[in-house]
Amino acid sequence: IVARRSFVGKLLTLVGIASVPFLRHPSLSAAQSNPLPLSTVEEFVKAGHNNLPRTKEMLEREPGLLNAAWDWGDGDFETALGGASHVGNREIARYLIGEGARMNLFTSTMLGEVEIVKPWLDAYPDLVHSKGPHGLSLLHHAERGGNAEMVDLIKSRTG
């Protein structure tokens, strides 16, 4: 009888714990309950390609846009930083990075940051075949960035 009471007590405790809602960080619950309007995300990503004043204006008005991604379809997701990177817009890319945008291999490649890209490719050689937004290659990003050393590095790895 004592063992049964102990078991029932432990079971009720576990059920009680399991029924307590998980606590969330306030920014997570706010983001989950208030998604950004899709048209705003699309406009911001488009602006990130070549319109620095509009990019700044939109980001000041809605900081949540910084890492927002637009789905062009079929899993082709792009952020404003991704757009700036594949068109070679260093000014917008550096602005977004300065605001805290998530860096990636494609942006580092476009910016000619050999000291960042080379160790990634040394550790994960198959990344040289990765595709960024719109299926654009690392070589495309290197060429848009205009850094000859980076272009040579990527070409030497695509063999």
Side-chain angles (χ1 to χ4, degrees), residues 20-159:
V20 174
F22 289 100
L23 299 176
R24 292 186 210 164
H25 188 279
S27 65
L28 290 178
S29 59
Q32 290 171 350
S33 63
N34 296 313
L36 296 168
L38 291 178
S39 60
T40 304
V41 173
E42 180 183 21
E43 182 183 353
F44 183 69
V45 170
K46 286 179 177 179
H49 287 71
N50 56 22
N51 189 337
L52 181 59
R54 183 68 178 142
T55 301
K56 286 181 174 182
E57 174 190 325
M58 291 186 75
L59 190 58
E60 286 171 12
R61 191 174 67 233
E62 178 50 68
L65 288 168
L66 184 61
N67 291 304
W70 175 251
D71 183 358
W72 292 104
D74 297 322
D76 182 11
F77 289 91
E78 182 178 36
T79 63
L81 181 57
S85 298
H86 80 73
V87 299
N89 195 319
R90 297 161 111 29
E91 188 177 17
I92 292 178
R94 289 195 171 141
Y95 165 73
L96 292 168
I97 293 164
E99 293 298 311
R102 296 178 193 130
M103 283 287 293
N104 61 52
L105 186 61
F106 296 95
T107 300
S108 294
T109 298
M110 183 276 292
L111 291 173
E113 297 174 341
V114 174
E115 68 283 355
I116 293 172
V117 174
K118 187 178 181 312
W120 273 90
L121 295 179
D122 289 344
Y124 302 98
D126 291 336
L127 282 177
V128 76
H129 303 293
S130 293
K131 301 294 182 193
H134 317 311
L136 297 170
S137 68
L138 281 178
L139 181 57
H140 169 88
H141 286 77
E143 290 171 342
R144 293 300 258 189
N147 180 301
E149 183 182 1
M150 181 63 76
V151 171
D152 289 345
L153 172 66
I154 302 299
K155 283 184 175 179
S156 73
R157 304 290 180 107
T158 57

Original post:
Is E60 salt-bridged to K56, going by a charged N under 4.0 Å from an acidic O?
Top reply: no
Original post:
Within a strict 4.5 Å, meaning less than it, do heavy atoms of the V117 and M110 side chains meet?
Top reply: no
Original post:
Out of curiosity, E99 CD to L59 CG, how far, rounded to the nearest 0.5 Å?
Top reply: 5.5 Å
Subject >> Set of residues satisfying side-chain contact (heavy atoms from CB on, under 4.5 Å) with respect to P53, sequence neighbours excluded >> reply: N51
**OP:** Taking all non-hydrogen atoms of both residues into account, name the closest pair between A93 and A84 and its distance.
**Re:** N-CB, 3.8 Å
**OP:** Apply side chain to side chain contact (heavy atoms under 4.5 Å, CB included) to L138 and L121, showing your working.
**Re:** CA-CA 11 Å; L138 281 178; L121 295 179; 4.3 Å; yes
Subject >> Approximate separation, where rounding is to 0.5 Å, of L65 CG and T79 OG1 >> reply: 11.5 Å
Subject >> Between CD on residue E91 and CG on residue L96, distance to nearest 0.5 Å >> reply: 11.0 Å
Original post:
How far does OG of S130 sit from CH2 of W120, to the nearest 0.5 angstrom?
Top reply: 10.0 Å
Original post:
If you take all heavy atoms of S137 and F106, which pair is closest and at what distance?
Top reply: C-CE2, 4.3 Å
Subject >> E113 side chain to E115 backbone, donor-acceptor under 3.5 Å >> reply: no
Original post:
Do L81 and R102 come close enough that some side-chain heavy atom pair is under 4.5 Å?
Top reply: no
Original post:
Would you call D76 and K131 a salt bridge, using N to O less than 4.0 angstrom?
Top reply: no
**OP:** Could you go through the side chain to side chain contact (heavy atoms under 4.5 Å, CB included) check for L105 and L127 one step at a time?
**Re:** CA-CA 9 Å; L105 186 61; L127 282 177; 4.0 Å; yes
Tabulate below the donor-acceptor pairs under 3.5 Å that side-chain atoms of residues 42-50 make, not counting sequence neighbours, or state none.
residue: E42; atom: OE2; partner: K46; partner atom: NZ; Å: 3.1
residue: E43; atom: OE2; partner: R54; partner atom: NE; Å: 2.8
residue: E43; atom: OE2; partner: R54; partner atom: NH2; Å: 2.4
residue: H49; atom: ND1; partner: V45; partner atom: O; Å: 2.8
residue: H49; atom: ND1; partner: K46; partner atom: O; Å: 3.4
residue: H49; atom: NE2; partner: E78; partner atom: OE2; Å: 3.1
residue: H49; atom: NE2; partner: H86; partner atom: NE2; Å: 3.2

Original post:
Roughly how far apart are I97 CD1 and M103 CE, rounded to 0.5 Å?
Top reply: 4.0 Å
Original post:
Do the side chains of L111 and I116 get nearer than 4.5 Å, heavy atoms only?
Top reply: no
Original post:
Does the pair R157 and D122 meet the rule for a side chain to side chain contact (heavy atoms under 4.5 Å, CB included), with working shown?
Top reply: CA-CA 10 Å; R157 304 290 180 107; D122 289 344; 2.7 Å; yes
Using distance only, find each side-chain donor-acceptor pair of residues 146-156 under 3.5 Å and give its atom names and separation, not counting sequence neighbours.
residue: N147; atom: OD1; partner: E149; partner atom: N; Å: 2.9
residue: N147; atom: OD1; partner: M150; partner atom: N; Å: 2.8
residue: S156; atom: OG; partner: D152; partner atom: O; Å: 3.4
residue: S156; atom: OG; partner: L153; partner atom: O; Å: 2.7

Original post:
So how far is it from H141 NE2 to T107 OG1, rounded to the nearest 0.5 Å?
Top reply: 7.0 Å
